[in-house]
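Given the structure is predicted, the values throughout are model-derived calculations rather than measurements.
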Amino acid sequence: MSRESAIRATFADIDAMDVDGFVGRLSEDVVFQFGNAEPVVGRSAVKEFVGQFFSTIKGLNHHIKNLWDVEDTTIVQIDVEYLRIDGHSVTVPNSDILTYDGDLVRDWRIYVDIAPLHAEV
């Protein structure tokens with residue numbers, strides 16, 4: 001599977017809110033940082049973190065705009081559409097940097113401001 005196909009499949013798992021499918025694409029000792037939260041280390045810790053985040057939304061959809069590969073790292077430019085619990089939709093720009101160890105992500109940094117997700121409508 002090409003890197004682009006793997007990235008698209010990973011974001012499809014996220015959009016389906018399939019935590020097990022998502023974390024299956026991560027190395028056992030992955031480092032995962034979402035926005036300005038502290039980095040989370042390890043597949044099981046990421047599973048707990050992401051599962052907790054998913055409980056705060058109804059859904060999400062990643063609209064990939066660009067992908068760049070540099071050796072073992074992929075940079076992804078995305079617009080993320082979040083469906084809030086109250087039914088309103090919010091779209092925010094986002095960039096992810098994923099560093100791979102073989103076919104698994106060993107370091108994932110998400111640069112996003114999710115303040116609009118929690119703003120009053």
Practice task
Could you point out which residue of Ile78, Leu67, Thr10 forms a side chain to side chain contact (heavy atoms under 4.5 Å, CB included) with Asp96?
Solution key: Ile78

Exercise for the section: Determine the sole option in Thr73, Ile75, Ile7 for which the side chain to side chain contact (heavy atoms under 4.5 Å, CB included) test with Leu98 is passed. Expected result: Ile7

For the [atom1] atom of [X] and the [atom2] atom of [Y], what is their distance to the nearest 0.5 Å?
{"X": "Ser89", "Y": "Lys58", "atom1": "OG", "atom2": "NZ", "value": "11.5 Å"}
{"X": "Arg84", "Y": "Thr56", "atom1": "CZ", "atom2": "OG1", "value": "11.0 Å"}
{"X": "Gln77", "Y": "Ile64", "atom1": "CD", "atom2": "CD1", "value": "11.0 Å"}

Handout entry: Asn36 atom CG, over 12 foreign heavy atoms within 6.0 Å
Key = no

Handout entry: Within 6.0 Å of CG in Asn66, more than 12 heavy atoms from elsewhere
Key = yes

Exercise for the section: Apply ring pair (Phe, Tyr, Trp, His ring centres under 6.0 Å) to Phe34 and list each qualifying residue two or more places apart in sequence or on a separate chain. Expected result: Phe53

Acceptor/donor pairs from residues 12-24 side chains to any protein atom, 3.5 angstrom cut, sequence neighbours excluded:
residue	atom	partner	partner atom	Å
Asp13	OD2	Arg25	NE	2.6
Asp13	OD2	Arg25	NH2	3.2
Asp15	OD1	His62	N	3.1
Asp15	OD1	His62	ND1	2.6
Asp15	OD2	His62	N	3.0
Asp18	OD1	Asp20	N	3.4
Asp18	OD1	Gly21	N	2.8
Asp20	OD1	Lys47	NZ	2.6

Handout entry: Test item: Val92 and Asp113 side chains (from C-beta on) under 4.5 Å apart, heavy atoms
Key = no

Handout entry: Any donor-acceptor pair under 3.5 Å from Arg43 side chain to Val30 backbone
Key = no

Is there a path of hydrophobic side-chain contacts, each under 4.5 Å between heavy atoms, that joins [X] and [Y]?
{"X": "Val40", "Y": "Ile97", "result": "no"}
{"X": "Val31", "Y": "Val50", "result": "no"}
{"X": "Ile57", "Y": "Val80", "result": "yes"}
{"X": "Tyr82", "Y": "Phe54", "result": "yes"}
{"X": "Tyr100", "Y": "Leu104", "result": "no"}

Handout entry: Side chains of Thr74 and Asp69, donor plus acceptor under 3.5 Å
Key = yes

Could you pull out every donor-acceptor pair under 3.5 Å between side chains of residues 114-121 and any protein atom, sequence neighbours left out?
none

Practice task
Over all heavy atoms of both residues, which pair between His63 and Glu81 is shortest? Give the atoms and the distance, please.
Solution key: NE2-OE1, 3.3 Å

Practice task
For Gln33 and Asp107, run side-chain contact (heavy atoms from CB on, under 4.5 Å): C-alpha distance rounded to whole Å, both residues' side-chain angles, the deciding distance at 0.1 Å, then the answer.
Solution key: CA-CA 8 Å; Gln33 186 172 17; Asp107 190 278; over 6 Å; no

